[in-house]
Amino acid sequence: MTGELDDKVASLKKKADEIAPPHPREETWNWNSPRQAKEAFSLIGLQIPDLKRENLSKYEHPLAKAVSEYRDTRSLLSQVCKWAAGRYRDGRVHPQWNPAGAATGRASCTSPNVQSLPKGEGFRGCIRPGEGHVLVKADLSQIELRVLAAIAEDENMLKVFRSGGDIHLNTAEALASRKVKKGDPERQKAKAVNFGLSFGMGAKKFKEMAERDYEVRMTLSEAKEAKHKLLDAYPRIGHWHAREGLECERGNFITETLMGRRRVVEPDYQGKPSFTERLNAPVQGTAADILKLALARLWENWSEHQGALPILTVHDEVVLECAAEDAKVTARWLSGILRGAVEDVLGHPELAGEDAIETTTAPSWEV
DNA sequence: AACCGATGCGCG
DNA sequence: AAAGCGCGCATCGGTT
């Protein structure tokens, strides 16, 4: 796979070099160097502020597209080509896990970072169980929004979960002003909006996101209005924001998850407790608590499921490996424990329904 | 040679 | 009044 990427990178570089003006000093341009790339664009009369994909896509000139594609592919290759090199033992990759690697209580992972292996490119398909075994994967569906509903005690949000609804779909429909289906790209984009607004994103950023992802153009005041409209759908979220704002004014740097685990947030540019961190920390942190509670209970019960092997976790997801014939039992065990953890920590049965856990059994980590 | 901040992007 | 959050990693270009 990396060999194919290699070829693709080489041809994309050639293409970009052909379109580009000659380099005044070197043989060819280094498109990985923002300074050089900006200089090349400047020679054809384009002053570009940065080399982000999203920015390059605004330009008509073929060089913009060529450079963007080259950088994308090159970046993917870099991330993946050395991913597991020299990190095998017995046919397995053994990353370094840091159980409390993140300030919120999440785990992090290095060498390699398993948690950021790209999706949808086939790389996760390379993560496979041993002969005659399967991977059993379970994830906490929309966990941060469930935590949010519990923390803010928002009746409308709870109602959506109680009826098995989909918050992202609601938001997507509100933004697109039409019916949106589960597989539509609008839903994916609405996730970002939901998270953004929940954790204190401003109208400006919200406006930019709406433009970029929905081709919805609005003035700043219209963006403010839309933001309020979405927050109005869940009034207690707004109240919660107001409460946390007061805590910031009072100089309260301490946040707590629903399990009572503390985090001291960073100061903002004024030296006051960061408002957005105060909002995010208990939510991300409680979700992390839930996953870890579940992991602890898996361990406590492990003697009855010794064939099951923990493979990895990714913040709201647990992957186990077991013998193919044990898949059903293992899947039930895993999802039951995750569901119990959600219910025990959040204290709302409607947040821990059947749909709170999505379980799949597969021959690889891909999808 | 080792380290560092900035930039940009992968994941949740 | 206003404010998305949390990570790791490759690369560049400069400093120690």
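Computed over heavy atoms, backbone and side chain alike; hydrogens, waters and symmetry mates excluded. Naming: A, B, ... by sequence-line order, numbering from 1 per chain.
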Quick test of the criterion, 5.5 Å between centres and less than 30° between planes. Is A:F275 stacked on C:dA3 or not?
yes
Hey, does the Lys NZ or Arg CZ of A:R71 hover above the aromatic six-ring of A:W31, less than 6.0 Å from the centre and inside 45° of the axis?
no
Exercise: do A:D17 and A:T28 side chains pair donor with acceptor under 3.5 Å
no
Is A:G202 touching bases, backbone alone, or none of the nucleic acid, heavy atoms closer than 4.0 Å?
sugar-phosphate
Please tell me if A:K272 has a side-chain N or O lying less than 4.0 Å from either OP1 or OP2 of C:dA2.
no
Would you say A:R74 reaches C:dT11's phosphate, i.e. side-chain N/O to OP1/OP2 under 4.0 Å?
yes
Whichever of A:C109 and A:A203 has the more 5' nearest nucleotide on DNA chain C, that residue is A:A203
Parallel under 30°, tilted from 30 to 60°, perpendicular over 60°: which one fits the rings of A:H305 and A:W333?
parallel
Just how far, in rounded Å, is C1' of C:dA2 from CG of A:L231?
13 Å
Under 4.0 Å, counting only non-hydrogen atoms across every strand here, what does A:K227 touch: a base, just sugar-phosphate, or nothing?
nothing
Rounded to whole angstrom units, what separation is found between the CG atom of A:L56 and the P atom of B:dT7?
15 Å
Measure CG/A:D139 against C1'/B:dC11 and give the value in whole Å, please.
14 Å
Would you mind checking if A:R278 and A:E249 are paired as a salt bridge, meaning a charged N to carboxylate O distance below 4.0 Å?
no
Once you round it to whole Å, what is the distance between P of C:dC7 and CD of A:Q96?
16 Å
Can a side chain N or O of A:S78 be found less than 4.0 Å away from OP1 or OP2 on C:dC9?
no
Which pair of heavy atoms, one from A:R236 and one from A:A152, lies closest together, and at what distance?
CB-O, 3.3 Å
Check every strand shown and say whether A:S111 touches a base, only sugar-phosphate, or nothing at a heavy-atom separation below 4.0 Å.
sugar-phosphate
In the structure shown, which nucleotide is the Watson-Crick or G-U wobble counterpart of C:dG4, with both distances under 3.5 Å?
none
Assess the residue pair A:H241 and A:F275 against the criterion (side chain to side chain contact (heavy atoms under 4.5 Å, CB included)); give the C-alpha distance rounded to whole Å, side-chain angles, the decisive distance to 0.1 Å, and a yes or no.
CA-CA 9 Å; A:H241 283 188; A:F275 173 67; 4.1 Å; yes
Just checking A:L279: base, sugar-phosphate only, or nothing, at a heavy-atom cut-off of under 4.0 Å?
nothing
I need the CG-P distance between A:N113 and B:dG12, as an integer number of Å.
11 Å
Does the base of C:dA3 carry an N or O that pairs as donor and acceptor with the side chain of A:E244 under 3.5 Å?
no
To the nearest angstrom, the CG-C1' distance between A:N98 and C:dC9 comes to 14 Å
Just the rounded figure in Å: distance from P of C:dT11 to OH of A:Y70.
9 Å
Short side-chain N/O contact to B:dG10 OP1/OP2 from A:R53, under 4.0 Å
yes
So does A:N30 get a side-chain nitrogen or oxygen closer than 4.0 Å to the phosphate oxygens (OP1/OP2) of C:dT11?
no
Rounded interatomic separation in angstrom, taking CD from A:Q36 and C1' from C:dT11:
12 Å
For C:dT11, does OP1 or OP2 lie under 4.0 Å from any side-chain N or O of A:K82?
yes
In whole angstrom, give me the gap between the P atoms of B:dG12 and C:dG4.
22 Å
Just N and O in the side chain of A:R263: are any of them under 4.0 Å from OP1 or OP2 of C:dG6?
yes
Less than 4.0 angstrom between a side-chain N/O of A:K204 and OP1 or OP2 of C:dA3, yes or no?
no
Should A:S116 be listed as having a side-chain N or O under 4.0 Å from OP1 or OP2 of C:dG8?
no
Using OP1 and OP2 only, check whether a side-chain N or O of A:S108 sits under 4.0 Å from C:dG8.
yes
A:R250 and A:E247 ion-paired at < 4.0 Å:
yes
Side-chain-base donor-acceptor pair under 3.5 Å for A:Q79 and C:dC9
no
Check every strand shown and say whether A:A107 touches a base, only sugar-phosphate, or nothing at a heavy-atom separation below 4.0 Å.
nothing
C:dG13 base to A:R35 side chain: any donor-acceptor pair below 3.5 Å?
no
Looking for any heavy atom pair under 4.0 Å, which part of the strands does A:D268 touch: base, sugar-phosphate only, or nothing?
nothing
